[in-house]
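Worksheet: the structure to be examined is printed underneath.
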Amino acid sequence: MKIATWNVNSVRQRQHLILDWLERQQPDVLMMQEIKCETDQFPADAFKEAGYDCAIVGQKSYNGVATLVKGGFEVTSDHLPGFDHPVARYVEIRTQKLTLGNLYLPNGNSGGEEGYATKLAFFDALTARAQQFLQTDTDFILAGDYNVCPTPEDCAPGALGPDDALVRPQSRAAYRRMLWLGLTDALRALHPSGTAYTFWDYQAGAWPRDSGLRIDHALLSPRVAERLETAWPDKAERALERPSDHVPLVVTLRDDAQATA
DNA sequence: ATGCCTTAATGTTTAAGA
């Protein structure tokens, strides 16, 4: 099973790049963030033609998430339970015996301390959601744009100041708290060290200088982690014409031994 | 100079992104 997450920075601007990528990679699931459109503006027909059905939670101008799925699925939530802000930053589906949460965590650099508090509040609710799944023995993946560089190795030297919301100690602690629940960072489980950036700023020649960040992550519940086969950021996508500033993070899982036994 | 791009919309500028 092949699952990807990608902050596309406007699905309408990126539609053809996304369709080309789907054609090449053929994932079973693609979780997209920052679709930047209302639900009824989402180009669902084009993705349908490519073989994908969509779970869409859009809003005007900003944010917005959508999950593309091959095969049957059901939407289990169109918002993050416990996060009481009317923003389109979470959609959750169930397919192939997995619950897949697609998240766009607040950046936390705008809106002063209140804006930063919103980021931590989202983390709290996401942690509670994960605990709920663990308690109910639900296999799950929580993937998306976490807007956190978990360790210094995940932030190119000089790319961000020490007070940036992506690297503040509380942000990193909030991310670690999810790992401490027993979740697995798919990329780091297979590639424990080294750079594995998923984002390069449009500004200041960040891409040619390889001044990137690892901020897009896939966290796996214990039984799903047992099936982890590969995890890689599709860096080549950043070099194409008019790309998103993020690249897809791709995770593949071996077949469920329980299902095939 | 929290700028250097890029996006959407409030649109001949602004806010947000990270």
Side-chain angles (χ1 to χ4, degrees), chain A residues 5-18 21 31-43 56-66 85-90 102-123 126 143-175 187 195-217 233 235 237-249:
Chain A
T5 175
W6 191 4
N7 179 324
V8 296
N9 185 18
S10 173
V11 70
R12 290 176 293 176
Q13 292 294 326
R14 233 59 73 192
Q15 182 176 330
H16 295 291
L17 277 181
I18 298 166
W21 188 83
M31 301 185 231
M32 297 189 287
Q33 303 85 37
E34 281 208 274
I35 63 172
K36 290 189 171 175
C37 65
E38 296 186 89
T39 299
D40 61 10
Q41 298 174 309
F42 187 88
I56 310 157
V57 177
Q59 75 176 76
K60 201 171 184 177
S61 304
Y62 301 120
N63 307 323
V65 289
H85 297 264
V87 288
R89 288 181 175 271
Y90 186 82
N102 171 0
L103 64 113
Y104 176 43
L105 220 135
N107 173 295
N109 280 312
S110 64
E113 280 309 303
E114 192 182 325
Y116 187 65
T118 302
K119 176 174 196 160
L120 297 180
F122 191 106
F123 251 124
L126 190 64
D145 180 355
Y146 278 75
N147 268 317
V148 174
C149 305
T151 73
E153 198 171 25
D154 300 315
C155 176
L160 298 175
D163 297 327
D164 194 283
L166 279 63
V167 297
R168 274 170 73 164
Q170 282 174 288
S171 304
R172 287 179 165 163
Y175 188 81
L187 190 287
T195 61
Y197 302 142
T198 62
F199 167 91
W200 292 261
D201 202 300
Y202 288 123
Q203 301 187 68
W207 167 247
R209 292 189 298 114
D210 195 28
S211 179
L213 308 173
R214 188 175 79 96
I215 53 178
D216 299 274
H217 310 296
K235 191 173 177 179
E237 200 65 21
R238 187 65 177 79
L240 301 184
E241 199 77 18
R242 289 175 65 82
S244 169
D245 39 7
H246 297 247
V247 298
L249 172 67

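Sequence lines set the chain letters: A, B, ... in the order given, protein chains first and strands last, and positions in each chain run from 1. Both backbone and side-chain heavy atoms feed into the values below; hydrogens, waters and symmetry mates do not. Bear in mind the structure is a predicted one, so any value in this text is a computation, not a measurement.
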Task: A:Asn7 and its side-chain contact (heavy atoms from CB on, under 4.5 Å) partner, picked from A:Leu249, A:Asp216, A:Val65, A:Val247 - done: A:Asp216
Open item on the list: Work out how far the C1' atom of B:dA1 is from that of B:dG11, and round it to whole angstrom.
Closed with: 25 Å
Task: Backbone N/O of A:Ala165 and side chain of A:Asn107: donor-acceptor pair under 3.5 Å - done: no
Open item on the list: Counting neighbours of NE2 on A:His85 that are heavy atoms of other residues, nucleotides or ligands and sit closer than 6.0 Å, is the number greater than 12?
Closed with: yes
TODO: Could you measure between the two P atoms, the one in B:dT2 and the one in B:dT12, and give it in whole Å?
DONE: 25 Å
Task: nucleotides 8-18 of chain B: protein proximity per nucleotide (B base, S sugar-phosphate only, - neither; heavy atom, under 4.0 Å) - done: SSB----B-SB
Open item on the list: Taking only the C1' atom of each, what is the distance from B:dT10 to B:dC4 in whole angstrom?
Closed with: 25 Å
Open item on the list: Between A:Ser171 and A:Tyr116, do the side chains contain a donor N or O and an acceptor N or O under 3.5 Å apart?
Closed with: yes
Task: Sequence-distant partners of A:Phe199, ring-ring contact (aromatic ring centres under 6.0 Å, His included), two or more places apart - done: A:His246
Task: side-chain N/O A:Arg242 vs B:dT7 OP1/OP2, d < 4.0 Å - done: yes
Open item on the list: If we count only N and O atoms by modelled type, under 3.5 Å, do the side chains of A:Tyr202 and A:Asn9 hold a donor and an acceptor together?
Closed with: yes
